Number of protein chains: 2
Amino acid sequence: MKVTRKSDYGLRALCTLAQRYNQEPVSIGQLSAEHKIPEPFLEKIMQELREHGLVEATHGRGGGYLLKKRPSAISLREIVHALDGPIALVTCLDPSLKCAIEDGCPTSPVWEIVNQKLEEYLGSLTLSDVMDLTHRPLSGEGDRVSGKVKVS
Amino acid sequence: MKVTRKSDYGLRALCTLAQRYNQEPVSIGQLSAEHKIPEPFLEKIMQELREHGLVEATHGRGGGYLLKKRPSAISLREIVHALDGPIALVTCLDPSLKCAIEDGCPTSPVWEIVNQKLEEYLGSLTLSDVMDLTHRPLSGEGDRVSGKVKVS
DNA sequence: CCAAAATCCGAGTGAAATACTCTGATTTCA
DNA sequence: TGAAATCAGAGTATTTCACTCGGATTTTGG
């Protein structure tokens with residue numbers, strides 16, 4: 001039950017791009033230095049994000065990556081989908097496979113529900129929300145609301 | 001982002017035990033035949049469930065496993081915890097490890113929130129709910145409520 | 001009492017997924 | 001034209017997963 005490092009690294013990089021939204025492009029070198037992510041690995045990640053239309057790249061000297069949409073229009077769900085693929089909480093739910101037990105599989109209905117809940121929730125969180133949370137971490141003051149992110 | 005087969009298999013086996021709550025114990029042989037789970041693997045799974053107090057075993061002829069609590073008192077969360085360990089959506093969140101980036105990790109706050117949501121949700125679903133869902137699958141009739149399980 | 005039926009326990013293994021790396025090509029701009 | 005950047009695809013090491021194996025222990029029916 002894990003989000004891969006790819007998704008986590010990708011999200012970190014996107015946070016930086018969100019901060020510099022509408023500014024100069026940011027290179028892999030800068031991003032990997034800032035977040036201590038291995039360069040060639042991050043390169044792959046950024047490529048996938050580009051292929052999924054979350055980011056655009058400019059080549060050559062002074063080049064790098066830019067967000068293609070505003071931070072509040074990019075959901076966690078999109079990011080995870082781009083890097084880890086659609087969420088299939090259980091192997092059964094992977095559309096490319098078929099459940100061994102054809103009829104009346106006793107568990108897939110629940111996993112489907114949980115899966116959907118998770119997708120919905122990830123869909124409701126945007127890059128802006130992530131940045132808000134980073135700058136005002138959850139500590140002490142009980143339940144807090146920031147934007148549409150409710151913790152309790 | 002997957003629940004392991006262990007958790008899925010464990011849940012299936014527990015469904016059977018829930019059906020026979022307060023009856024004779026059910027052996028690994030019966031359980032593995034019913035759900036097409038490899039016997040020695042299921043044996044391990046049942047042992048872990050016992051170690052976590054979800055199930056009790058009786059040895060020898062006619063022996064097998066029984067639920068230790070009523071089905072409505074066993075949550076999906078407990079089951080997953082017993083078999084896959086506490087949910088750590090991202091490696092960072094695993095209490096036994098430490099985040100590479102000590103301060104101001106830009107992503108852990110979000111993952112923590114999502115993690116907690118997921119735990120809460122799994123905690124709200126019980127074995128009884130799972131069984132209700134199995135017998136009345138979600139199809140056609142739009143959003144439906146069964147017990148405290150809300151799908152929409 | 002003893003043999004069969006069950007669980008218990010610890011170690012081991014094969015395959016797949018994850019987390020990367022490497023090499024070289026291509027684009028862009030100063 | 002060459003340095004700085006991305007692009008593209010193949011390759012590899014490590015870890016996790018999904019399961020196996022062998023033998024000990026407990027219980028009960030006959």
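Bear in mind that the values here come from a model prediction, so they are computed numbers and not experimental data. Chain identifiers are assigned alphabetically (A, B, ...) following the order of the sequence lines, protein sequences preceding nucleic acid strands; residue numbering begins at 1 within each chain.
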Just call it for Gly29(A): base, sugar-phosphate, or nothing, with non-hydrogen atoms closer than 4.0 Å on any strand.
nothing
Write down the distance between CD (Glu39(A)) and P (dT23(C)), rounded to a whole number of angstrom.
15 Å
Can you check the Lys36(A) NZ to dC20(C) P distance for me, whole Å?
15 Å
CD of Glu43(A) versus P of dA4(D): gap in Å, rounded?
15 Å
Side-chain atoms of Arg61(B) come closest, of dT6(D), dA30(C), dT28(D), to dT28(D)
Out of dA8(D), dC8(C), dT28(D), minimum distance to the side chain of Glu51(A) belongs to dA8(D)
Under 4.0 Å between a side-chain nitrogen and a carboxylate oxygen: does that hold for Glu112(A) and Lys117(A)?
no
Closest to side chain of Lys44(A), choosing from dT7(C), dA8(D), dC7(D):
dA8(D)
What nucleotide among dG2(D), dT7(C), dA19(C) has an atom nearest to a side-chain atom of Thr4(A)?
dA19(C)
Looking at dT7(C), I'd like to know if its phosphate oxygens (OP1 or OP2) sit under 4.0 Å from a side-chain N or O belonging to Arg50(B).
no
If you look at every strand shown and take non-hydrogen atoms under 4.0 Å, does Pro40(B) touch a base, only sugar-phosphate, or nothing?
base
Separation of dA8(D) atom P from Met46(A) atom CE, nearest Å, is 15 Å
In terms of side-chain heavy atoms of Ser27(A), which of dT28(D), dT6(D), dT18(C) is nearest?
dT6(D)
Ile37(B) CD1 - dC19(D) C1' separation (whole Å)
13 Å
Hey, which sits more toward the 5' end of DNA chain C by its nearest nucleotide, Arg5(A) or Thr58(A)?
Arg5(A)
Rounded to whole Å, please give me the gap between CG in Asp8(B) and C1' in dC19(D).
15 Å
Determine, stepwise, if the pair Glu48(A) / Lys6(A) fulfils salt bridge (charged side-chain N to carboxylate O under 4.0 Å, His left out).
CA-CA 10 Å; Glu48(A) 287 188 67; Lys6(A) 257 164 76 174; 3.0 Å; yes
Nearest-Å distance for atom pair CZ/P, residues Phe41(B) and dC19(D)
5 Å
Could you tell me whether Glu120(A) and Arg77(A) make a salt bridge, using a distance below 4.0 angstrom between a side-chain N and a carboxylate O?
no
How long is the gap from OG1 on Thr107(A) to CG on Leu133(B), to the nearest 0.5 Å?
11.0 Å
Length of the CG-C1' vector between Leu66(B) and dA6(C), whole Å
13 Å
Distance criterion of 3.5 Å, no angle test: do you see the side chain of Gln47(B) paired donor-to-acceptor with the base of dC9(C)?
no
Minimum-distance nucleotide to Tyr9(A) side chain [options: dA5(C), dC20(C), dC7(D)]:
dC20(C)
Salt bridge or not between Lys69(B) and Glu78(B)? Use side-chain N to carboxylate O under 4.0 Å.
yes
